[in-house]
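Report on the following structure.
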Amino acid sequence: MGNPAQHPTLGHWIAGQNDAGSSQRSSPVYNPATGQVSRHVALAGSGEVDAAVHAAKAAFPAWADTPPIRRARVMFRFLELLNTHKDELARCITLEHGKVFTDAQGEVARGIDIVEFACGIPQLLKSDFTDQVSTGMDNWTLRQPLGVVAGITPFNFPAMVPMWMFPLAIAAGNCFILKPSPIDPSASLMLADLLKQAGLPDGVFSVVQGDKEAVDAILHHPDIKAVSFVGSTPIANYIYETGARHGKRVQALGGAKNHMVVMPDADLEQVADALIGAGYGSAGERCMAISVAVLVGDVGDRLVPVLAERARALKVMDGMNLEAEMGPIVHAGAHERITGYIEKGIQEGATLVVDGRDFDSSVTGAGCEGGFWMGGTLFDNVTPEMSIYKEEIFGPVLSCVRVANFAEAVELINRHQYANGVSLFTRDGGVAREFGRRIEVGMVGVNVPIPVPMAWHGFGGWKASLFGDMHAYGEEGVRFYTRQKSIMQRWPDSIAKGAEFVMPTAQ
């Protein structure tokens, strides 16, 4: 791991400036392509969380009172800075996460979409008004910010997922505390610095680096009113139960096992492109990655050999090489977990068509032989009882399940505990319509392999993939970070004489 003194240590961002913290704990940050420690990151305790909350509480009254149009202007300046520095941010992501540079650029672009949406906050906060709801009386609603809110985000999208949260929360008038993954923490501090340059008042946005100790401090803190989370289902469930028990509003997005149904009439070249990109892109470390191909009828006999050839030909190399199609696994622990799943798939009787463990790391680039490398793995004849089907692997492992017909495919998917995303490839509009109506999954693609909704639609799955009632970003994101207030008003000259002992009614 190396001596911490040999590497710089990233700290927190509290009250508008870098803060080293006082916990004395830290964690190594690796470059996955080389396997070497590049820096360390401080790990917060309750003291750092308290400091961030104190700064946020001090900033909140003035920020909440700032007209929405002026808050939007800060977002517009932040948007301009993001577009100027987007490649720097993408490079930072590649060096700590490992995903290829072009994929990191795409991540930043999708985060920028949410910032653009947040720039419309004056329109998004417009309320309803009813004139003369009763004689001499009017009624209207407001949406007001909650106060101090927090986001706990995963390693796989260190820029995009935080931007699912804080732009809308801040634009709506809240103060936001981000607890990013300690695996790739640098993007969070870059975002904080750009917000400062955009004119965001100190204390409105803070970054508290850390692990479970920081998470628990957030969940137990009485002054944090809401928590957003993206990560695995067991942790999402913990976040939801703990946060709700402490009186917080919680949205917790969990794990996934995304299926792609391939009908016999589908264009197999398009299907192969879609499955290779959606299954192995970002080394499968996406909550919307396709990890199961459901092959209907005889399509498996035609498609699996094509997938095998494409999986073996994947260009797996240092993500900063623009020819790379897949980078390394994010860290050694994840590599070990994925390797264990491959072995379990073999033991449980699946047909191992391509074994990613055989990957030759010497082709990855100079100085990269010690990285956390793995090729794409392809299984055929996978059944619903197998661990590689039931559980989220979060790696470059694609499992093929064969079914007799469309109805069997729908039934298979609807039985799964996860219901994040799903895709169907077909030329038949009637089949596509029936699929969209019958499938019990939150996000559906038709001839679209990764159906991540655009900024104004909102993201979220069903079943064990989402804990809470509101999806991320979009109009539901605005609702999550605000609360409704209803105001009824009349004036003395319209008030009848005498006490009223019954419920007010429209008169």
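Values in this document were obtained by computation on a predicted structure and should not be read as measured data.
- Taking 4.5 Å as the limit, every side-chain heavy atom of K179 sits out of range of all side-chain heavy atoms of Q209.
- Taking the ring centre of F157 as origin, the terminal cationic atom of K99 falls inside the region bounded by 6.0 Å and 45° from the ring axis.
- The pair R357-E343 meets the salt-bridge criterion, since a charged nitrogen lies less than 4.0 angstrom from a carboxylate oxygen.
- At a threshold of 4.0 Å, the pair R91-D87 does not count as salt-bridged, since none of the basic side-chain nitrogens sits closer than that to a carboxylate oxygen.
- Heavy atoms only, all atoms of each residue included: M443 and P453 are closest at SD-CD, 3.4 Å.
- Counting heavy atoms from C-beta on, the side chains of R39 and E96 come closer than 4.5 Å.
- Within 6.0 Å of NE2 in H246 there are more than 12 heavy atoms belonging to other residues, nucleotides or ligands.
- Each salt bridge (charged side-chain N to carboxylate O under 4.0 Å, His left out) pair with one or both residues in residues 220-243, not counting sequence neighbours, appears once here: K57-D223.
- Just one of I239, T233, V250 meets the side-chain contact (heavy atoms from CB on, under 4.5 Å) condition when paired with F467; it is T233.
- Using the six-membered ring where Trp is involved, F372 and Y30 have ring planes that are perpendicular, over 60° apart on the 30 and 60° scheme.
- The residues D469 and R479 are annotated as not salt-bridged, no charged nitrogen and carboxylate oxygen being separated by less than 4.0 angstrom.
- Qualifying side chain to side chain donor-acceptor pair (under 3.5 Å) partners for H259, counting only residues two or more places apart in sequence or in other chains: Y389.
- Between F359 and W373, the ring planes are tilted. Angles from 30° to 60° get that label.
- Counting only heavy atoms from C-beta outward, the side chains of N156 and V330 never approach each other to under 4.5 Å.
- Using a cutoff of 4.0 Å between basic side-chain nitrogens and carboxylate oxygens, K344 and E348 are not scored as salt-bridged.
- In this structure, F459 and Y473 have tilted ring planes: the angle between them lies in the 30° to 60° band.
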